[in-house]
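First comes the structure, then the notes that go with it.
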Protein chains: 2
Amino acid sequence: MATIKDVARLAEVSTATVSRVLNGNGYVHLETKERVAKAIQQLNYRPNDVARSLYKGRSKMIALFVPDIMNPFFPELARAVEDMAKQHEYTFVLCNTDDDPEKEIAYIEALKQKSLDGIVVVSSTMSGAYMKDFDLPVIALDRILHKDLSSVTVNNKEGALQAVEYLKEIGCKRIAHIAGPEHVSNAKQRLNGYLDAVKQEDWFKYSYVEQGEYHFEEAKQATQRLLEKHPEIDGLFVANDLMGVGALKAAEALGIRVPEDLSIIAFDGITLGETTTPTLTTMAQPIYKIGARAAEMLIHQIEQIEQEKQDEEFKVTLVERDSTRNRREIHDNN
Amino acid sequence: MATIKDVARLAEVSTATVSRVLNGNGYVHLETKERVAKAIQQLNYRPNDVARSLYKGRSKMIALFVPDIMNPFFPELARAVEDMAKQHEYTFVLCNTDDDPEKEIAYIEALKQKSLDGIVVVSSTMSGAYMKDFDLPVIALDRILHKDLSSVTVNNKEGALQAVEYLKEIGCKRIAHIAGPEHVSNAKQRLNGYLDAVKQEDWFKYSYVEQGEYHFEEAKQATQRLLEKHPEIDGLFVANDLMGVGALKAAEALGIRVPEDLSIIAFDGITLGETTTPTLTTMAQPIYKIGARAAEMLIHQIEQIEQEKQDEEFKVTLVERDSTRNRREIHDNN
DNA sequence: GTGAAAGCGCTAACAT
DNA sequence: ATGTTAGCGCTTTCAC
């Protein structure tokens, strides 16, 4: 590959001048500029980003940390971050952390050696203190990591409340909840939203809440336990779609009809919910948008456009599908 | 961050000696080695990979090109490539190409400027000539790109044949096919496997093949068309799982029971097939394995362990689920 | 307006 | 066994 020296030689100027043309810095005579441009073209010259990075101490690379890309919620997020990165001419590095703090730290160390410019992080385990102490720009996505870190999230609590209110509205009389992991901030918020909506109902019992760990299989089992213990349940708010599908499967295994005997609403709005039978009603997050916004905030922070910490909260919207929709009609006809 | 100079100064040696200790090259007295090690530890020194890359012209970075990470087949592949990259201390870059040759080329150009070491490519559009001409190590994954490029694939044709034979075995008398895009090599192979299995059957018609483009929605519509035109169809081989789910949905919409009236088998073995109702029988690829193997071959090629071009083919295995399994019992009971 | 030269942090001859 | 030094390709002061 041609270097800046080759271009300089061909254009009969110094490398400094070529650099000026390249970066649009400093004064350079129009005529020489054109000579340089021609040489660049002729040699099909592309500046070496590594040399640039070495000098500048910055790499034009950002990373996205996700617990596991195989969880169907994250590919769309990844896609958004990548698109935004590309748009700003950043390279996109994807890191699966398995929510393991050691892996997270190992990745950070490795990427720092490459002069990584910043990270969008989906994590619940990473020690907020650690994240905050080390000097890279960081945006927390989907979950709050530390109060000093900028974040992009959705109105989890309010969304959960709306979900439960919706179940009430379509006629559910006993509404239970399959919760996400306790240490994940958004899971806790969704649980709180549920509790706010039901705690003063005379039928409410704490055993109406089961742990699903944000996993398909755990959620399926949890739902099965719940429905066996409490056959009176006729409405279920599940903390995410992946678990919602598990709940659907549990009902199917027990011979409970959805939505005739049981209405199910979940949270996230991933495509998976459109492929099940019945399709899954959900509180949909603007997944791509929040990913894109997080990436944009990160890049602004890197480029010093925004300095101060900020938290952005997007709104979720109800998407009615078959795991509840028919139920309303049944109710209306009564 | 501390540099090699700081370490040298603290250990009272030259930077060359530090470098030797760092890389385990050349002779260095045990005592001085320990002094250097102590200094490194004391300063919490980490070598700057950018400087290294500049000198070596290599970056310890590899990329994976996929058409679209939101297609559920690719996250597992990505996960495998990333894991293998990490294991060999490579950084992992993910690129969504949308199967657009211009994007592919733009990515390649950008990554070359960063001294990227190699690429694992899932692509059907990238001009083989282009890929072959430019000097980076490349492994084609899932699809064959060019005869001179190493590749990792599965036995698509044979697997397709097995799928159709299986349908026959469980009693299907009229078997149709939803095909993938014609320009994708594995889709063509699966189609050929189907044709081999059915072309000498007296009932076979070419209108038993419909185009599904590897998309959920297109496949759903294609299946609907097919079943309306040919109500005699009692077996369906679909070229991938994503389309298989579409086919399931189409049958549901038409009131055709699966597997009682129609048996459906697809191809890939993605998790999505376990979440549908009924669950989807499939010819499962060892997805993680082929991704890991492709990454490993790439790294070997980069590190000159393997030089010559090689093609590896993995085998698919039948995974019986509910979209066909019950049917055999029905058949056996007859 | 342009060039010479230092330096980003590291590695590998080459010298001793 | 260890140090000196050139150089990877670029940017940016500082002269002119």
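Just so it is clear, the model here is predicted, and its values are computed rather than measured.
- The side chain of K56(B) lies closest to dT11(C) when the candidates are dT11(C), dC10(D), dG3(C).
- Salt-bridge formation is detected for the pair E296(B)/R293(B): a Lys NZ or Arg NE/NH1/NH2 atom is positioned less than 4.0 Å from an Asp or Glu carboxylate oxygen.
- Closest to the side chain of K5(A), from the set dT12(D), dT2(C), dC8(D), is dC8(D).
- Nearest to the side chain of P47(A), among dC10(D), dT11(C), dG3(C), sits dC10(D).
- Using a 4.0 Å heavy-atom criterion, one finds that V13(B) contacts the sugar-phosphate atoms exclusively.
- Protein atom CG of N25(B) is 15 Å distant from nucleotide atom P of dC10(C), rounded to whole Å.
- The interatomic distance linking Y55(A) (OH) with dA5(C) (P) rounds to 17 Å, in whole Å.
- In this structure, the CG atom of L30(A) is 11 Å from the P atom of dG1(C), given to the nearest Å.
- An OP1 or OP2 oxygen of dT11(C) is reached within less than 4.0 angstrom by a side-chain nitrogen or oxygen of N23(B).
- Nearest nucleotide to the L54(B) side chain, out of dC8(C), dC8(D), dG3(C): dC8(D).
- Following rounding to the nearest Å, Y27(B) (OH) and dA15(C) (P) show an atom-to-atom distance of 19 Å.
- In this structure, D6(A) and L10(A) have side chains that are not in contact, with every pair of non-hydrogen atoms separated by 4.5 Å or more.
- Not a single donor-acceptor pair, N or O on each side, falls under 3.5 Å between the base of dG9(D) and the side chain of R46(A).
- Salt bridge status for D49(B) with K60(B): absent, with no side-chain N to carboxylate O gap under 4.0 Å.
- Spacing between atom CG of L22(B) and atom P of dC10(C) amounts to 8 Å, rounded to whole angstrom units.
- When each of dC10(C), dG9(D), dA4(C) is scored by its nearest atom to the side-chain atoms of Y45(B), the top-ranked nucleotide is dC10(C).
- Across dT12(D), dT11(C), dG3(C), the shortest atom-to-atom separation from the side chain of I4(B) is found for dT11(C).
- Side-chain nitrogen and oxygen atoms of R20(A) include none within less than 4.0 Å of the OP1 or OP2 phosphate oxygen of dT11(D).
- K56(A) and D117(A) are not joined by a salt bridge, as no carboxylate oxygen comes within less than 4.0 angstrom of a charged side-chain nitrogen.
- Distance CZ (R9(B)) to P (dT2(D)): 19 Å, rounded to an integer number of Å.
- For the residue pair N71(A)/Y214(A), the side-chain donor-acceptor check at 3.5 Å is not satisfied.
- Residues E12(A) and R52(B) each lie close to DNA chain C; by heavy-atom proximity, the contact nearer the 5' end of the strand is made by E12(A).
- Taking every side-chain heavy atom of S19(B) into account, dT11(C) is the closest of dG3(D), dC14(D), dT11(C).
- Of all nucleotides listed (dT11(C), dG3(D), dC10(D)), dC10(D) comes nearest to the side chain of T3(A).
- A close approach under 4.0 Å does not occur between any side-chain nitrogen or oxygen of T32(A) and OP1 or OP2 of dG1(C).
- Each of V28(A) and T15(A) was assigned the nucleotide of DNA chain C with the nearest heavy atom; the assignment lying further toward the 5' end belongs to V28(A).
- No salt bridge links E109(A) with K112(A); every basic N to acidic carboxylate O contact stays at or beyond 4.0 Å.
- Rounded to whole angstrom, the span from the CZ atom of R58(B) across to the P atom of dT11(C) amounts to 14 Å.
- Atom C1' of nucleotide dT2(D) and atom CZ of R35(B) are separated by 11 Å, given to the nearest angstrom.
- Side chain of T17(A), nearest nucleotide from dT11(D), dG1(C), dG3(C): dG3(C).
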